[in-house]
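Just below is one structure, and these are the notes that go with it.
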Amino acid sequence: MLEIKTMAGFINYKICRLCFQHNTPLDAIAQFRKHIDLCKKKIGSAELAFEHAAWMSKQFQSFGELFDEAIKLGLTAIQTQNPGFYYQQAACYSQDRNNNRHSSFVSDIRLPWPGAFYFCLTRRKQKLEEAGASYPSPEPLETQSGALDFYGQRPWRQGHQSIDPPDAEKEKTGILALQIKERDVPHSELIIALLSNAVAQFKKYKCPRMKSHLMVQMGEEYYHAKDYTKALKLLDYVMCDYRTERWWGLLTAILTTALRCAYLMASVKDYIIYCMELLGRASTLKEDQKSRIEKNLIKVLMNEVPDAEPECDSSSVSAARSLWSDRMALAGSNELTLEVQDYIPFIQCKAKFQSPSFHVDQPIQLQVFLRADCPHPVSFNKLAVSLSNQEYNQWCVVEETMSLLPGKTKCYNFSFVAKTEDVGKKIEMAGIEVMLGGDSGRCVFVNWRGAGGDAASTHEALQASRSSRRWGRGMEARQALDWDSLTIQHSTMIISRVPKISVQLSHQPPALNNEMYCISLTVQSQEEGVAKDVKLTAGLKPGQDANLGQTTHVTLDGSKVCDDTAPALLPDVPLGDLKPGEKLEKCVYVKCVSTGPRVFLFHVAYSIDTTVEGRQIVCKCHKDETVTIETVVPFEVSVKFVSTKFEPLDRVALDIPFLLMTDILSSSPWPLLLASSSLQLLTMTSNTPQLQSQLQEVVLQTGESASECFCLRCPPLTNSNSTVATGQYLISWRRQSSSADSPLIQTTVTLPHVILESVPLYIHADLPSFGRVRESLSVRYHIENRTALVQEVEMAVEPSDAFMFSGLKQVRLRILPGSEQQMLYNYYPLMAGYQTLPQLNISLPRCPTTNTHTLRRFLPQRIFVKPQGRQLDDASIAAA
């Protein structure tokens with residue numbers, strides 16, 4: 001049978017390899033499964049069953065290697081089909097080989113009771129050990145030629161083709177030799193190597209649970225191989241996963257094996273940790289087993305050698321006891337510190353501050369809850385809480401003998417007074433420490449990071465919160481006593497004492513742009529003692545747009561308008577002391593250069609003496625008031641240039657009078673007092689002897705408008721600029737409701753630029769303001785030559801239905817440079833009302849670009865004609 005399986009293995013290997021090389025992995029897998037199904041029950045001799053297990057292991061290992069080689073050459077594998085499964089199965093058959101090497105001889109024996117199998121195993125092992133001293137002689141596994149005729153053939157069957165053995169005695173001797181040689185095979189090394197290959201594959205294809213399962217098997221195999229250090233390292237690594245996923249039964253089994261390793265190594269620290277966890281709530285051990293472990297733990301704490309763990313090898317136990325004796329005899333190693341945050345120990349710890357924040361004049365209170373899950377009461381000698389500020393640690397220590405009853409929760413309260421310099425800071429729990437044992441034995445300091453809790457606390461708290469929501473508020477009283485419902489509050493904030501002062505703000509929003517906006521602040525003390533060193537911080541609240549800080553200015557002096565050097569925030573303005581019930585007032589003036597909303601902060605700080613739990617402290621208190629103020633434009637100014645006939649001008653002629661008109665439209669919700677206005681001209685000059693404001697002491701309501709008119713003239717310029725700046729328009733104003741001594745705000749409006757043009761001929765007329773029907777009306781035209789050339793002027797008067805006239809109807813003139821020519825006409829009105837004057841047609845032959853419309857735009861176009869009155873005699877006058 002061995003010969004057949006050997007040849008079948010060779011053929012299967014070649015077929016699978018060819019399938020992989022031709023990129024048909026499914027055919028290779030199907031061939032391998034068919035091969036295994038045909039051969040897995042072909043065990044052969046029961047006494048050599050381990051040979052069949054070894055052959056099966058080799059088949060899976062070889063296929064796994066072929067599969068892995070194909071993947072390296074480009075084949076894609078998946079989670080459910082990768083070489084790791086074949087390495088794992090190879091390891092399983094190697095374990096069967098190890099188990100079958102001593103049990104093959106009882107496979108055909110009828111066992112009278114269940115325990116007889118293990119009895120027979122023990123007896124057979126003893127017989128093999130006795131037989132090991134007298135290995136069969138001559139060597140039954142050697143041939144005369146030194147080689148076998150066929151693969152898989154038995155050495156003592158060379159040249160024999162029958163299935164039946166040629167010599168029964170040689171058959172028996174050969175089987176015994178194979179069994180003795182099997183004892184020397186390093187089964188653990190083979191199993192570990194295969195498991196290691198499987199772990200690498202499952203890690204590569206992201207199968208964490210399979211990886212953890214195989215690592216547990218590797219650890220157990222190391223344990224059977226008596227390599228306890230590696231076994232403990234592997235088991236400790238995978239226990240984290242089983243704690244996280246709450247596989248309590250698996251975790252207990254792994255912990256039991258790890259405890260045996262720790263005992264056989266005499267590793268005191270690991271032994272204590274695993275004892276504490278096996279006594280905890282995650283352990284599924286029975287009460288009697290927990291009691292035995294707890295007694296061993298107490299022995300270690302008393303610096304005594306613990307009892308051996310069950311199912312330990314007897315030869316290893318004696319060596320472990322001597323190691324434990326050496327450990328207990330060592331001086332200076334009686335103190336251990338255990339970080340149990342990532343474990344599930346038998347002592348549970350939760351701590352919390354009673355409030356998320358405490359005022360500095362209140363004692364800070366925290367609670368520490370402890371609970372024991374072991375079968376018997378446990379005592380400890382010290383409980384200490386470490387805080388982020390170590391100066392408070394002295395108030396959170398209990399040094400006395402304390403005990404915990406199984407399943408009972410015990411609460412320890414601590415209280416201390418915070419320091420005033422810690423106001424605004426957070427106090428956190430850095431750790432909690434419980435000391436087991438004592439000075440006479442071994443001191444074990446059990447530490448929890450933060451405010452306690454362990455690897456299972458998070459899930460238990462989540463389950464408790466879900467349960468409380470499911471049962472509703474009616475179960476709050478019952479849930480408050482449940483350990484899982486206790487919440488952890490690991491930090492608290494120290495906040496300032498509650499101020500007992502009132503801060504009131506009085507103002508009239510909205511603020512107007514550039515005005516000195518007054519905000520009246522009233523502070524009244526409601527303290528029982530004297531509020532000392534009262535200080536005010538007022539201004540723009542920090543954290544807003546950076547541009548607001550540059551356009552906001554705050555001052556306490558309201559007698560004058562502050563400049564741009566004034567800050568946006570006034571810090572620590574001293575206000576003196578405040579007696580109980582005393583009130584003080586302060587005015588803060590704000591100047592906002594730009595519009596938009598702003599948030600202003602008024603921070604009043606002071607200090608006061610108070611007593612907390614018999615300790616005299618100085619508390620610094622403060623109260624903040626914020627207000628949002630909108631800034632709006634007080635008025636809008638529009639400017640326009642018109643001719644002396646009030647016609648809009650796009651261009652201004654040089655040295656010809658024109659009008660500048662300004663309109664001020666109030667958009668303020670409050671009445672505005674316009675104190676005065678003025679012009680600051682750059683290139684223009686006034687056409688009147690003195691510019692005088694027409695808006696002195698004018699009050700504008702919302703939506704009202706005030707206008708001014710100035711007559712200006714642009715003198716001839718030496719440069720050739722076609723566009724010049726006009727100047728500025730200054731307006732002095734304030735709110736009408738403000739006091740008479742409040743400063744005036746001056747708003748500057750930049751006047752628009754004007755486009756200049758030069759005219760070769762300036763024509764203007766002198767005529768009365770009105771005429772009368774059928775009465776002569778004299779009109780004198782002045783014609784000025786403003787060029788450096790002699791100008792020929794052709795003039796013609798167009799006839800009109802409303803007038804008769806006398807004078808030159810058509811004339812040709814020559815005007816010298818800089819001189820003036822006058823033309824006189826007598827117009828005789830024929831109709832009443834607004835009548836169009838006879839138009840002049842003027843042309844300049846030497847200036848063809850100048851048209852008639854450009855020259856006569858300065859002339860009046862219409863005049864009002866009154867109707868003809870009746871002649872009154874003296875009698876009529878007397879009668880009237």
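Hydrogens, waters and symmetry mates are skipped; everything else that's a heavy atom, side chains included, is used. Fair warning: this is a prediction, and the values are worked out from it, not measured in the lab.
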Salt-bridge contact [X]-[Y] (side-chain N to carboxylate O under 4.0 Å):
{"X": "Arg281", "Y": "Asp454", "answer": "yes"}
{"X": "Glu335", "Y": "Arg442", "answer": "no"}
{"X": "Asp342", "Y": "Arg449", "answer": "yes"}
{"X": "Lys299", "Y": "Asp307", "answer": "yes"}
{"X": "Arg243", "Y": "Asp241", "answer": "no"}

If we ignore hydrogens and angles and just use 3.5 Å, is the side chain of [X] paired with the main-chain N or O of [Y] as donor and acceptor?
{"X": "Asn99", "Y": "Gln95", "result": "yes"}
{"X": "Asn393", "Y": "Leu387", "result": "yes"}
{"X": "Thr252", "Y": "Thr284", "result": "yes"}
{"X": "Lys352", "Y": "Leu486", "result": "no"}
{"X": "Thr492", "Y": "Pro356", "result": "yes"}
{"X": "Lys42", "Y": "Leu38", "result": "yes"}
{"X": "Trp448", "Y": "Glu339", "result": "no"}
{"X": "Thr24", "Y": "Cys19", "result": "yes"}
{"X": "Ser283", "Y": "Gly280", "result": "no"}
{"X": "Gln79", "Y": "Lys206", "result": "yes"}

So which heavy atom on [X] is nearest to which on [Y], and how close?
{"X": "Cys275", "Y": "Leu259", "value": "SG-CD1, 3.7 Å"}
{"X": "Ala456", "Y": "Ile344", "value": "CB-CD1, 4.0 Å"}
{"X": "Ser457", "Y": "Gly453", "value": "OG-CA, 3.4 Å"}
{"X": "Leu195", "Y": "Ala91", "value": "CD2-CB, 3.6 Å"}
{"X": "Phe63", "Y": "Ala28", "value": "CE1-O, 3.7 Å"}
{"X": "Tyr343", "Y": "Asp236", "value": "OH-OD1, 4.2 Å"}

- In sequence, state the C-alpha distance, the side-chain angles, and the governing distance for Phe346 and Leu278, and then conclude on side chain to side chain contact (heavy atoms under 4.5 Å, CB included). CA-CA 8 Å; Phe346 71 97; Leu278 283 170; over 6 Å; no
Quick one: [atom1] on [X] to [atom2] on [Y], what's the gap to the nearest 0.5 Å?
{"X": "Glu433", "Y": "Thr337", "atom1": "CD", "atom2": "OG1", "value": "6.5 Å"}
{"X": "Cys374", "Y": "Met276", "atom1": "SG", "atom2": "CE", "value": "9.5 Å"}
{"X": "Met215", "Y": "Met210", "atom1": "CE", "atom2": "CE", "value": "13.5 Å"}
{"X": "Lys290", "Y": "Leu297", "atom1": "NZ", "atom2": "CG", "value": "13.5 Å"}
{"X": "Asn82", "Y": "Thr80", "atom1": "CG", "atom2": "OG1", "value": "8.0 Å"}
{"X": "Gln31", "Y": "Ile15", "atom1": "CD", "atom2": "CD1", "value": "4.0 Å"}

Sub-4.5 Å side-chain heavy-atom contact between [X] and [Y]:
{"X": "Ile192", "Y": "Tyr222", "value": "yes"}
{"X": "Met239", "Y": "Leu255", "value": "yes"}
{"X": "Asn296", "Y": "Arg292", "value": "yes"}
{"X": "Leu285", "Y": "Ile293", "value": "yes"}
{"X": "Pro375", "Y": "Leu279", "value": "yes"}
{"X": "Met429", "Y": "Ser491", "value": "no"}
{"X": "Ile347", "Y": "Leu436", "value": "yes"}
{"X": "His213", "Y": "Gln88", "value": "yes"}

- Item | Worked check of side chain to side chain contact (heavy atoms under 4.5 Å, CB included) between Ile273 and Leu338 | CA-CA 8 Å; Ile273 289 178; Leu338 304 180; 3.8 Å; yes
When you check the side-chain N and O atoms of [X] and [Y], is any donor under 3.5 Å from an acceptor?
{"X": "His376", "Y": "Ser291", "value": "yes"}
{"X": "Lys40", "Y": "His52", "value": "no"}
{"X": "Tyr86", "Y": "Gln59", "value": "no"}

- Task: Would you sort out whether Arg97 and Glu51 count as a salt bridge (charged side-chain N to carboxylate O under 4.0 Å, His left out), showing the intermediate values?
- Result: CA-CA 7 Å; Arg97 176 186 180 183; Glu51 280 190 337; over 6 Å; no
- Item | Within 6.0 Å of CD in Gln21, more than 12 heavy atoms from elsewhere | yes
- Does CH2 in Trp247 sit with more than 12 non-hydrogen atoms of other residues, nucleotides or ligands closer than 6.0 Å? no
- Before giving the answer on side chain to side chain contact (heavy atoms under 4.5 Å, CB included), spell out for Lys382 and Val434 the whole-Å C-alpha distance, their side-chain angles and the decisive distance to 0.1 Å. CA-CA 6 Å; Lys382 182 182 178 182; Val434 171; over 6 Å; no
Step through it carefully: locate the ring centre of [X], locate the ring centre of [Y], and say whether they are under 6.0 Å apart.
{"X": "Phe60", "Y": "Phe85", "answer": "no"}
{"X": "Phe67", "Y": "Phe20", "answer": "yes"}
{"X": "Tyr223", "Y": "Tyr228", "answer": "yes"}

- Test Tyr13 against Leu66 for side chain to side chain contact (heavy atoms under 4.5 Å, CB included), laying out the working first. CA-CA 9 Å; Tyr13 180 86; Leu66 283 176; 3.7 Å; yes
- Query: Mind checking whether His35 and Phe32 have parallel, tilted or perpendicular rings, split at 30° and 60°?
  - Reply: tilted
- So which pairs with a foot in residues 269-321 pass ring pair (Phe, Tyr, Trp, His ring centres under 6.0 Å), sequence neighbours left out? Tyr271-Trp324
